[in-house]
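Counting from 1, the numbers follow the sequence of the chain as shown. Just so we're clear, the structure is a prediction, and the values are computed from it rather than from any experiment. The basis for the numbers below is simple: all heavy atoms, side chains too, and nothing from hydrogens, waters or symmetry mates.
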Amino acid sequence: MNADIEHLLRVEAPQVLGALVRRFGRFDVAEDAVQEAVLTASRIWPADGVPDNPRSWLIRIGYRRMVDLLRADQSRRRREQEAGVAELAMREPDRRPGAARETDDSLALLLLCCHPALSAASQVALTLRAVGGLTTAEIAHAHGTPENTMGTRISRAKQRLARAGARFTPPTDTDRDSRMAAAMRVLYLIFNEGYTASTGDRLARVDLTSEAIRLTRMLHASVPADAEVTGLLALMLLTEARRPARTGGHDELVPLDEQDRTRWDCDLTREGTELIDSVWDRREVGPYQLQAAIAAVHAAATSPQQTDWPQIAALYLWLERLNPIPPVRLSRVVAVAKAYGPVRGLALLDDLNRRFRLGQDPLIRQRERAVRAHLLQMTGDTAGAARRYREAASLTGNLVEQRYLLDQADRLG
């Protein structure tokens, strides 16, 4: 299929889904109808051309398919009554669905996909499917799971939304904070998966990072005064700015201290820095703002030697007190080692391992070994460092990262 048509379908699909959910009130059925409409377009448009109003075309096809699906659903459940808005639409199956709305429904869909009835994993998968427009195969690949497993997860998530009575409406005052927090967490997870893919032969998944940034921009536009949403967007922009320098000419991983900083995206760096500066003087500072502040300190250094590591270590200590999770604790180890030396970093790592078993945590056990290897290398323990580098390599499914770790081990013997 033509790449331009594929991109257009990916952009329009969430809008079509929003139109159908608004009219019928059935997210689970509407998502299937949208996929049918997209498949129909992918067969017809390459031969006949893209219609003048592609969104209206897709809504019309999706509307018809939606009616068919609801009829089939009713025939299976004759004793049940469909909810009001779907009933009204079903009584007039031949009525035109109306002109397509020009508003962006992505935000409403995002908040619906982040419904509290869903687990975090289901929220991420459903957001990527319904809002990001990724296929089930793409989502499965991003998470390193079989396609049928991911398909089952998405299907169950839609069923759970239906059972919970979720509606295509703005969050209420009582659940707004929790829904916004869930949305930020989902976008953060999507960005992180894209920035360092858990599996595959590419270090990053630009499609995921780009989608996370697009949706976070949209969330920020809806609540521009929210300091944490601003911090999250700043964090993504400042982190994404470094992506061009993260790999070399042969797709090899380039660690932060060795990156050519002239390759960092100065526009993203400037925008991200301005965003975090605009909210940094607020009385309450949250985890995303702190992470953005750390990224801004890195961005301000024109060379690794100019990085203010004591300030970064202090920010990580503050972040750990707010959000005491294993990745934050391990990042503080790195900052302390950079600021005060590898011996002090190793002592802190040993202490955190004794108290919190970082090396056994599935989320960071691979990175814990990589960090320990680097610190051992800095102290001159090359044999211990090589052993830890190989352990770390065996625990990652990302081939670019794996090659880097094995190369480090081979250089040490």
Item to complete: Could you pull out the closest heavy-atom pair between L238 and A292, with the gap in Å?
Response: CD1-O, 3.5 Å

Item to complete: Indicate whether the side chain of R246 and that of T196 have a donor and an acceptor atom separated by less than 3.5 Å.
Response: yes

Practice prompt. Please assess R185 against Q123 for the test side-chain hydrogen bond (donor to acceptor under 3.5 Å, both in side chains), listing each intermediate value before the final yes or no.
Written response: CA-CA 10 Å; R185 183 179 66 250; Q123 289 172 342; 2.9 Å; yes

Worksheet entry | Where G413 and R390 come nearest, the two heavy atoms and their spacing | O-NH1, 3.7 Å

Worksheet item: So do the side chains of L406 and Y389 get within less than 4.5 Å of each other, counting heavy atoms only?
Response: no

Worksheet item: In terms of side-chain geometry, is the basic nitrogen of D381 or R388 positioned less than 4.0 Å from the acidic oxygen of its partner?
Response: no

Worksheet item: What pair of heavy atoms forms the shortest contact from I213 to L233, and how long is it?
Response: O-CD1, 4.3 Å

Worksheet entry | salt_bridge(R179, D177) N-O dist < 4.0 Å | no

Discussion item. Quick one, W309 with H298, criterion ring-ring contact (aromatic ring centres under 6.0 Å, His included). Give me CA distance, side-chain angles, the key distance, then yes/no.
Written reply: CA-CA 9 Å; W309 282 108; H298 282 296; 5.1 Å; yes

Worksheet entry | Side-chain heavy-atom pair L9, L58 within 4.5 angstrom cut-off | yes

Worksheet item: In Å, rounded to the nearest 0.5 Å, how long is the span from CZ of R242 to CG of L268?
Response: 12.0 Å

Discussion item. Between D32 and R26 (salt bridge meaning N to carboxylate O under 4.0 Å), is one present in this structure?
Written reply: no

Worksheet item: Given H220 and L275, is the side-chain contact (heavy atoms from CB on, under 4.5 Å) satisfied, shown in steps?
Response: CA-CA 11 Å; H220 177 254; L275 282 169; 4.1 Å; yes

Fill in: L128 and I190: CA distance, side-chain angles, deciding distance, side-chain contact (heavy atoms from CB on, under 4.5 Å) verdict
CA-CA 8 Å; L128 289 173; I190 292 172; 3.6 Å; yes

Fill in: Listed partners of Y404 passing ring-ring contact (aromatic ring centres under 6.0 Å, His included), at least two apart
none

Discussion item. Is the ring pair F24/Y63 parallel, tilted or perpendicular, if the boundaries are 30 and 60 degrees?
Written reply: tilted

Discussion item. Once rounded to the nearest 0.5 Å, what's the spacing between atom CZ of R332 and atom CD1 of I312?
Written reply: 14.0 Å

Discussion item. Is it true that, when you exclude D267 itself, more than 12 heavy atoms of the residues, nucleotides or ligands shown sit nearer than 6.0 Å to its CG?
Written reply: yes

Discussion item. Pairing donors with acceptors under 3.5 angstrom, does anything connect the side chains of T396 and E401?
Written reply: yes

Worksheet item: Do the side chains of P255 and D257 get nearer than 4.5 Å, heavy atoms only?
Response: no

Worksheet entry | For the student: nearest non-hydrogen atoms of R369 and A392, plus distance | CB-CB, 4.0 Å

Worksheet item: Once you round to the nearest 0.5 Å, how far does OG1 of T127 lie from CG of L215?
Response: 8.0 Å

Fill in: Flag if over 12 foreign heavy atoms under 6.0 Å of CZ, R10
yes

Worksheet item: Should R411 and Q408 be marked as a side-chain hydrogen bond (donor to acceptor under 3.5 Å, both in side chains) after you check the CA-CA gap, both sets of side-chain angles, and the distance that decides it?
Response: CA-CA 5 Å; R411 288 193 186 100; Q408 292 296 105; 2.6 Å; yes

Item to complete: Would you please test K338 and D308 for salt bridge (charged side-chain N to carboxylate O under 4.0 Å, His left out) and show each step?
Response: CA-CA 9 Å; K338 292 287 189 179; D308 189 346; over 6 Å; no

Worksheet item: Does the side chain of L237 come within less than 4.5 Å of R217's, by heavy atoms?
Response: yes

Item to complete: Quick one: pull up CZ in R163 and NZ in K158 and give me the separation to the nearest 0.5 Å.
Response: 13.5 Å

Practice prompt. Without swapping roles, check the side chain of R65 against the backbone of E36 for a donor-acceptor pair under 3.5 Å.
Written response: no

Worksheet item: Taking the six-membered ring of F356, is NZ or CZ of R329 closer than 6.0 Å to its centre and within 45° of its axis?
Response: yes

Fill in: Note, R64 side chain near T40 side chain (heavy atom, < 4.5 Å)
no

Worksheet item: Can you check whether D265's main-chain N or O pairs, donor with acceptor, with R243's side chain at less than 3.5 Å?
Response: no

Item to complete: Ignoring hydrogens and angles, tell me if any N or O in the side chain of T307 forms a donor-acceptor pair with the backbone of P304 under 3.5 Å.
Response: yes

Discussion item. Measuring from atom CD1 of I5 to atom OG of S42, what distance do you get when rounded to the nearest 0.5 angstrom?
Written reply: 9.0 Å

Practice prompt. May I have the step-by-step check of side-chain hydrogen bond (donor to acceptor under 3.5 Å, both in side chains) for T136 and E147, ending in yes or no?
Written response: CA-CA 6 Å; T136 303; E147 183 177 352; 5.5 Å; no

Item to complete: State whether the side chain of S155 and the backbone N or O of G151 hold a donor-acceptor pair below 3.5 Å, judged by distance alone.
Response: no

Worksheet entry | Straight-line distance of R282 CZ to E228 CD, nearest 0.5 Å | 11.0 Å

Worksheet entry | side-chain hydrogen bond (donor to acceptor under 3.5 Å, both in side chains) between Q291 and Y316, intermediate numbers included | CA-CA 8 Å; Q291 291 178 76; Y316 268 122; over 6 Å; no

Worksheet item: Would you call R270 and T273 a side-chain contact if the rule is heavy atoms closer than 4.5 Å?
Response: no

Worksheet item: Run the side-chain contact (heavy atoms from CB on, under 4.5 Å) check on I325 and L363 step by step: do they pass?
Response: CA-CA 10 Å; I325 59 175; L363 191 62; over 6 Å; no

Discussion item. Quick one: does any side-chain atom of Q259 pair with a main-chain N or O of V254 as donor and acceptor, under 3.5 Å?
Written reply: yes

Fill in: Polar contact flag, side-chain donor to acceptor under 3.5 angstrom, E368-N353
yes

Item to complete: Go through the steps to decide whether L219 and M180 satisfy the test side-chain contact (heavy atoms from CB on, under 4.5 Å), and finish with yes or no.
Response: CA-CA 9 Å; L219 191 63; M180 291 291 286; 3.8 Å; yes

Worksheet item: How about R365: does its CZ atom have over 12 heavy atoms from other parts shown lying under 6.0 Å from it?
Response: no

Worksheet item: Tell me, do F191 and L208 make a side-chain contact under 4.5 Å, heavy atoms counted?
Response: no

Worksheet item: If you measure from the Lys or Arg side-chain nitrogens to the Asp or Glu carboxylate oxygens, is any gap between R403 and E252 under 4.0 Å?
Response: no

Worksheet item: Under 4.0 Å between a Lys/Arg side-chain N and an Asp/Glu carboxylate O for D351 and R355?
Response: yes

Worksheet item: Is there a side-chain contact between L319 and P287 (heavy atoms, below 4.5 Å)?
Response: yes

Item to complete: Determine whether the side chains of S198 and E193 contain a donor N or O and an acceptor N or O closer than 3.5 Å.
Response: yes

Worksheet item: Short question: side chain of S56, backbone of N53 - any donor-acceptor pair under 3.5 Å?
Response: no

Worksheet, complete the sentence: Here the pair of heavy atoms bringing L118 nearest to S122 is CB-CB, 4.2 Å

Fill in: Q306 atom CD, over 12 foreign heavy atoms within 6.0 Å
yes

Fill in: Heavy-atom donor-acceptor pair, D28 side chain to A162 backbone, under 3.5 Å
no

Item to complete: Locate the shortest heavy-atom distance separating V186 from C114; write the atom from each residue and the value.
Response: CG2-SG, 3.8 Å

